[in-house]
Every structure is written in C-alpha cells, then in structure tokens.
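So you know, we letter chains A, B, ... as the sequences are listed, proteins then strands, and number each from 1.
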Number of protein chains: 2
Amino acid sequence: MNLPPLVQSFVLHFGEMGRSWGINRTVGQIYALLYVSPEPLNADQIVDALGVSRSNVSMGLRELQTWNLVLLRHIPDDRRDHFTTPDDVWQILRVLAEERKKREVDPTLSVLRELLMQKPATAEERHAQARMAEMHGLIEQLTTWYDDVKRLETERLAALLALGAKVTKLMEVKDRVIALARPRRKENV
Amino acid sequence: MNLPPLVQSFVLHFGEMGRSWGINRTVGQIYALLYVSPEPLNADQIVDALGVSRSNVSMGLRELQTWNLVLLRHIPDDRRDHFTTPDDVWQILRVLAEERKKREVDPTLSVLRELLMQKPATAEERHAQARMAEMHGLIEQLTTWYDDVKRLETERLAALLALGAKVTKLMEVKDRVIALARPRRKENV
DNA sequence: CTGTGATTTCAGTAATTCCTGAAATCTTGA
DNA sequence: TCAAGATTTCAGGAATTACTGAAATCACAG
C-alpha cells in the first residue's frame, strides 16, 4: 500500500470496519480511498494505492456499484472508467440508509407478514405469533417514519436533527394551543 | 432442528439474516428462539431446539450477553441458567441502537478526531482531511441527535415517530409565531 | 471435602469467504 | 475486421470464521 499517512490510516480503518458493516476489507478500503481522493480514480490507480489484485478491485467496485455508493465518471480522451463517491455527505447517508433498509429490514418485514398470515396450531405458536406481531409493529412504525423523513430536503432534515428531543416541547405547546382553541373536550389531540 | 413450523421459519430467517448483522447463524437463531419462546429456556433446551452443539450454544449465549440482548433468569429449584429476551420491543430497539453505535460508529468517530488533529503535509492530505471533517461533522450531528432522543420515554418517542416529517410543519408554525411576537428583526429564529 | 451436574474453554476440523492469476470477454480506434 | 487496451469471470488456493467434542473448570448439595 502506497499512500500518504493520513489517507492510509483512514483507508485501513475503513477496511477493518467493513467487517461490522457486512462488506469485506477491500471494498471498505476502496470506498475510503475514493471518498478522500481529490480526483476520480481508475481501477489501476486503486490497485497501486491499495496493493491488491486487479480482479479484486474489479469485484469491489462492482459491489460498491450495487450499493449505489460509487459514481462512474468519464474523463475526456481516456477510455478507462474512473470512480468517485458523491461528494455530499448527506446524500451518502441517504443512499446508505436506503440500501441497508433494503437488505436488512425489508426481508424481515416480509417474512414477518407472511408468518402472521398463518394459523397458529398450538398455544406455543400463538404466543410466537403475538411476539412477531409486536416486532412487526415496531418495524413498521420505524419504516413509516423513515419513509416520511427521507423525503425532506437536507436543510430541513438538519434542522430537525438540531432540534432533537426538544421537538417534544414543541408538541406540548401545540397540544396546549389546541386545547385552548377548543376547550370543550378534554382528550383532544 | 425440532420446532413448530411457524417458529422454525422465524428462527431460520434470523439465522440467515445474522450475516448482514454481523452475528453468526447460531447466534441469530438462538436470539430468535428466545424471542418467541413463552418461557425462558436453558442451554440444553436450545441445543434440542436448534440441533447444534452444546458448546456452540454456550458461546452464542455469551455473545448475546455481551450485546445485552439476553437476560438471565433463575428458575426456583433449578440450578441451570435460563435465558430470555427483554419483552418490550422498544427496549430491545434501544439496546440494539446503543450497541451498534458503540461498535460501528464510535470507533470511526475517534479515528476521525485523531486524524483531524494531525497536520496535513501535502495538498492531497489537506483535501483528505477536509473530507474527513465533513464526515465527522455529519456523524457528530447524528449522534448528538441520537443521544438526545434516546432519553425520551417510549410514549414520547412513539409520538415523535408518528408525527414524522410533519414535525417540520410544526417548526414553521413556531417560526411564524416567534416572528409575530418580535416583528422588528427579520432573520430571527 | 466430595461427587454430581452445569458450564466454559480450547484445539482441531469444517465451512465459508476472500483474493489471486490466467483466461475470456468486451470496447473502440484504426 | 482487427488489434490493443480495458474489464470481467472464474477455478483454485489462502485466510478467516464457525462449530464440535473432549477435557477443564465451576457451583453447590450433602
């Protein structure tokens, strides 16, 4: 591996971290390298930088493309493909969230739905199904929220984050205002 | 494996899913089994249910305990340890979020901080550092939000989720009210 | 203490995943 | 159409991770 020390540390860290992210070392390293690189890189440059085989880089880039984490750039008068990452980190976050949901959450949701349709044959199965229903309910709430929030422009999303838990204060205020506006019923929202 | 069909499907799914979650098949299966089981189970019952070796179960339970995903229950007049999962799914979610943050986010944050302290030697390193700063900023915003929100009681958290993107509407209203209250300055928040 | 049963450890093996070099395929300029 | 360069595929070996059975350790009732 032949990289400036700062970049190398970053790349190595991402390589190791890849483990807990479900991608292999090389894929993690390629991503990190492209992320910090000032220019798009072609496959051979990645080979040189990381010291892994050409074919490994090819497979790694492929995987990153299926994750939509990498962009293809054409450089004039150069036949080779060059790669970058999107440069807006919020955009990267969105893509990452979407892909992880697709891989980690959606399949589970669909299995749960399927199992919840079946008729339990025993008390044990009935209990199991009740537990699955709880899990299903939670996941559905989370994904509904996510689908809702992911549409926000970055500006608003950031504002929402900045507000954090203080949002609940806002909700209380809203409830009070509404209560004032129509004071006849007690339980209104 | 010797389980009612409904439970078996669920357990098998979690075993497979474990891959993309950084845990191995057995660990995923043990967790799923405990999650749907009406009673706490001891290690031998898990062995029977899943058809894996006793030592594998022992290691799996160990890992689940380091994740804080499993509870130890003592059954009167029984020397063997029995295991369950917390039964509140929201609680499970909290634990999961906390653990994943600890494993997947915190190490990266600390590496980034460290690298950002160093002096860049070249233009390339300067650019890399700028990119790292962007990433660091985003992660910090997210974790600040998370630290804030995780303290909410389940009630409020659920209300917040239900509101979803509509929160921004609320924020607009707030801004308008404030603008009305002090109309002299334009850019106020 | 001691004996019984429960649990963990660990070395070896099985299974899986990763990576490579060689060959095949694709792409494009001449 | 061909040749040169670029990229991908893939079989096999390397590295890593998962799992097992046997032995060690632990916990506690008698």
Side-chain angles (χ1 to χ4, degrees), chain A residues 1-2 11-12 14-34 40-67 70-84 103, chain B residues 1-2 11-12 14-34 39-67 70-84 103-104:
Chain A
M1 189 175 302
N2 179 23
V11 163
L12 289 177
F14 263 65
E16 293 319 313
M17 228 47 201
R19 300 228 142 319
S20 60
W21 273 82
I23 60 178
N24 67 40
R25 180 167 48 242
T26 308
V27 172
Q29 292 184 351
I30 294 174
Y31 184 78
L33 178 63
L34 294 178
L41 300 178
N42 65 44
D44 286 324
Q45 291 173 305
I46 299 172
V47 167
D48 289 345
L50 302 182
V52 297
S53 75
R54 184 52 236 271
S55 47
N56 197 5
V57 168
S58 175
M59 293 188 296
L61 286 170
R62 220 130 180 290
E63 177 160 1
L64 286 171
Q65 282 176 295
T66 71
W67 277 82
V70 121
L71 299 173
L72 220 141
R73 280 284 164 74
H74 278 288
I75 303 242
D77 298 327
D78 192 332
R79 249 164 78 181
R80 294 166 299 180
D81 287 337
H82 288 242
F83 300 88
T84 358
R103 284 153 214 252
Chain B
M1 188 176 301
N2 179 24
V11 164
L12 288 177
F14 263 67
E16 294 317 314
M17 227 48 201
R19 299 228 145 316
S20 59
W21 272 82
I23 60 178
N24 67 39
R25 181 166 49 241
T26 307
V27 172
Q29 292 184 350
I30 293 174
Y31 183 78
L33 178 63
L34 294 177
E39 305 292 338
L41 300 178
N42 65 45
D44 286 324
Q45 292 173 305
I46 298 173
V47 167
D48 290 345
L50 302 183
V52 297
S53 75
R54 183 54 236 268
S55 46
N56 198 4
V57 168
S58 176
M59 293 188 295
L61 285 170
R62 220 128 180 291
E63 177 161 1
L64 286 170
Q65 282 176 294
T66 71
W67 277 82
V70 121
L71 300 172
L72 220 142
R73 278 285 162 71
H74 279 287
I75 303 243
D77 298 326
D78 191 333
R79 253 163 76 182
R80 294 166 299 180
D81 288 336
H82 288 243
F83 301 87
T84 358
R103 284 153 215 253
E104 300 180 6

Any side-chain N or O of R19(B) less than 4.0 Å from the OP1 or OP2 oxygen of dT16(C)?
no
Is any side-chain nitrogen or oxygen of R79(A) closer than 4.0 Å to OP1 or OP2 of dA4(D)?
no
Going from CZ on R25(B) to CG on L50(B), what distance comes out if it is rounded to the nearest 0.5 angstrom?
11.0 Å
Given T26(B), L34(B), V52(B), the one that forms side-chain contact (heavy atoms from CB on, under 4.5 Å) with I46(B)
L34(B)
Respond yes when some side-chain nitrogen or oxygen of N24(B) is under 4.0 Å from OP1 or OP2 of dC19(D), and no when none is.
yes
Without decimals, in angstroms, what is the distance between F83(A) CZ and dT7(D) P?
7 Å
In whole Å, what is the span from the CG atom of L64(B) to the P atom of dA18(D)?
13 Å
Using a cut-off of strictly less than 4.0 Å, decide whether R54(B) has a side-chain nitrogen or oxygen near OP1 or OP2 of dG21(D).
no
For D44(B), report the nucleic acid contact type (base, sugar-phosphate, nothing); a contact means any heavy atom under 4.0 Å.
nothing
5' priority, DNA chain D, between Q65(A) and V52(B) [closest heavy atom]:
Q65(A)
dist R103(A):CZ -> M17(B):CE (nearest 0.5 Å) comes out at 10.5 Å
Give, for atom CD of Q29(A) and atom CG of L12(A), the distance between the pair rounded to the nearest 0.5 Å.
6.0 Å
Out of dC10(C), dG21(C), dT7(D), which nucleotide sits closest to the side chain of S53(A)?
dG21(C)
R80(A) side chain: which of dT9(C), dA6(D), dT7(C) is closest?
dA6(D)
Start with the C-alpha distance between H82(B) and L41(B), add both sets of side-chain angles, then the distance that settles side-chain contact (heavy atoms from CB on, under 4.5 Å), and finish with yes or no.
CA-CA 5 Å; H82(B) 288 243; L41(B) 300 178; 5.7 Å; no
What integer distance in Å separates H74(B):NE2 from dT7(C):P?
9 Å
Residue-phosphate contact under 4.0 Å: R25(A) side-chain N/O, dA15(D) OP1/OP2:
no
For the pair made of CG in D81(B) and C1' in dG5(C), what is the distance, rounded to whole Å?
13 Å
From CG of L72(B) over to C1' of dT7(C), roughly how many Å is that when rounded to an integer?
12 Å
Contact class for N42(B) vs. all strands (heavy atom < 4.0 Å): base, sugar-phosphate, or nothing?
nothing
Counting only side-chain heavy atoms from C-beta out, which of dT9(C), dC19(C), dT7(D) sits nearest to R62(B)?
dT9(C)
In whole Å, what is the span from the CD1 atom of I23(A) to the C1' atom of dC18(C)?
14 Å
Can you tell me if N56(A) touches the phosphate of dT20(C), counting only side-chain N or O atoms and a distance under 4.0 Å to OP1 or OP2?
yes
Do E63(A) side-chain atoms and G60(A) backbone N/O form a donor-acceptor pair below 3.5 Å?
no
Whole-Å distance between dT7(C) C1' and I30(B) CD1?
14 Å
Check the distance between dG5(C)'s P and D78(B)'s CG and give it to me in whole angstrom.
13 Å
S55(A), nearest nucleotide to its side chain (from dA22(C), dC19(C), dT7(D))
dA22(C)
